[in-house]
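Reading through the structure tokens given below for one structure.
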Amino acid sequence: MEKIQNALSQWAKKSSFGKRYEEMKQEVLNHPGVRQFLHSHSSKITKEMVDRNLNTLYEYSSQSVHCTDCLTLDGCKNVMKGYHPRLELVGDHIEVLYDHCPKMNLELERVNRAKLVQSFSVPKEILSARFEDIDLTENDRLIAIRKAKNFTKSYVENKTEKGLYLYGKFGVGKTYLLGAIANELAKNGVSSYIVHVPELIRELKNAIGESTLEAKLNSVKTAKILMLDDMGAETLTNWVRDEIFGTILQYRMLEKLPTLFTSNFDLVQLEHHFTFNQKGDQEDVKAGRLIDRIRALSDPVPVGGLNRRG
Ligand code: ADP
Ligand code: MG
């Protein structure tokens, strides 16, 4: 093997190929990353090792490391998108190892965070809501924003169980606040499930008599943090009130699972909504029991301000 290599380099020196080879070698050896690597391992790396590993050093030098010009992950120039090279001495070998670049790390964080925010029929813009982006010029909403932030903080610090019941007029940003809470929790590795109640009820009604009903109900019931968006906007029946809401809220109370709500109704109006079923029968006791559960699970917080929908 040695002999062949010697012979090759002798031959290479004499030909024009040899000239190009020498130029390339000098280029590779002058690459700042390669120089630094060779310098920091100078006691262990011989000239012969450099020659033998020239391919590896070339591979390293041809890939971008600091990516200072790189604006997006999509624009990555490297062969393996999102990875940048690092040289490593393994025994008497030089190897190129590939690590995630900072842009790739950011993307992975974003994807992981998105996985922590589960949702059912919630608009995209809500799923990207952030406290940082909230417009703080409207004083009417400041208390609600502060309470929402406090919830995430105290949940992360001491697993506070009591959620929020955010109520106010259409379009003031109640659902947006749920999204901001969910994303803030996700930053701390906490998962939550935002569910648009009218759609959930529609879906569950369609699943009556199917084996999927139980599983669907269970995934909502047992969510680590559940956010029920737009309570009272669903089409109410006795079954919805007692078997769906009743079951979910009872379970969450017993298991001490944090639950947040939004509604256009305050709790008095919501109780009224739950009191009358579709036949017009008045069922105060059942409605009262449900409201008691909501009160046990959450603190009512009014959300004021202007309608933000154009
Ligand atoms: P609600 O649930 O109270 O009816 P939404 O949360 O759906 O209202 O908000 C209404 C609209 O205003 C949505 O398009 C939402 O993205 C936008 N919005 C709400 N709050 C904010 C905010 N703080 N900053 C920017 N946009 C917001
Ligand atoms: Mg809403």
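These numbers come from the heavy atoms of this one structure, side chains and all, not from hydrogens, waters or symmetry mates. For ligands, and for the atoms within them, numbers begin at 1 and follow the listed sequence.
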Shortest protein contact, [atom] (heavy atom only):
atom                    : answer
atom 21 (C) of ligand 1 : Arg308 NE, 3.4 Å
atom 2 (O) of ligand 1  : Thr175 OG1, 2.7 Å
atom 11 (C) of ligand 1 : Arg309 CG, 3.9 Å
atom 5 (P) of ligand 1  : Gly173 CA, 3.7 Å
atom 22 (C) of ligand 1 : Tyr176 CE2, 3.5 Å

*Show which atoms of ligand 1 fall inside a sub-4.0 Å distance from at least one heavy-atom site of Arg141.*
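Reading through ligand 1 atom by atom, the close ones are 20 (N), 23 (N).
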*Heavy-atom contacts with Ile134 under 4.0 Å: which atoms of ligand 1 show up? List them by number with element.*
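Under 4.0 Å from Ile134, ligand 1 has these atoms: 23 (N).
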_Quick one, Ile45 and Phe37 - any side-chain contact, counting heavy atoms below 4.5 Å?_
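Yes, side chains in contact.
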*Near the Mg ion (ligand 2), is there an N/O/S atom from Thr175 that is less than 2.8 Å away?*
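Of the N, O and S atoms in Thr175, at least one lies under 2.8 Å from the Mg ion (ligand 2), which means yes.
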_Less than 3.5 Å apart, any donor N or O on the side chain of Ser64 or Asn78 sitting next to an acceptor on the other?_
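Not at all, the side chains of Ser64 and Asn78 share no donor-acceptor pair under 3.5 Å.
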*Between His41 and Glu88, is any side-chain donor less than 3.5 angstrom from a side-chain acceptor?*
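Absent: no donor and acceptor within the cut-off.
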*Can a non-hydrogen atom of Val172 be found less than 4.0 Å from any atom of ligand 1?*
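The answer is yes, since Val172 has a heavy atom less than 4.0 Å from ligand 1.
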Within the side chain of [X], is there an N or O that forms a donor-acceptor pair under 3.5 Å with the backbone of [Y]?
X      : Y      : result
Lys256 : Glu161 : no
Thr259 : Leu257 : yes
Ser298 : Arg295 : no

*asked:* Please report whether ligand 1 has a polar contact with Phe170, defined as an N or O pair separated by less than 3.5 Å (distance criterion only).
replied: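 Looking only at distances, the answer is no, because the N/O contact criterion of under 3.5 Å is not met.
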*Would you check whether Asp229 has a nitrogen or oxygen atom less than 3.5 angstrom from a nitrogen or oxygen atom of ligand 1?*
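The answer is no, given that Asp229 and ligand 1 share no N or O pair closer than 3.5 Å.
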*asked:* Let me confirm one number: the CZ-OG distance from Arg35 to Ser61, rounded to the nearest 0.5 Å.
replied: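 Rounded to the nearest 0.5 Å, the CZ-OG separation comes to 13.5 Å.
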*Cation over ring face, Lys159 and Tyr155, 6.0 Å, 45°*: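 Cation-pi check for Lys159 and Tyr155: passes.
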*Tell me which part of Glu125 gets within contact of ligand 1: side chain, backbone, both or neither, using heavy atoms under 4.0 Å.*
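The answer is the side chain.
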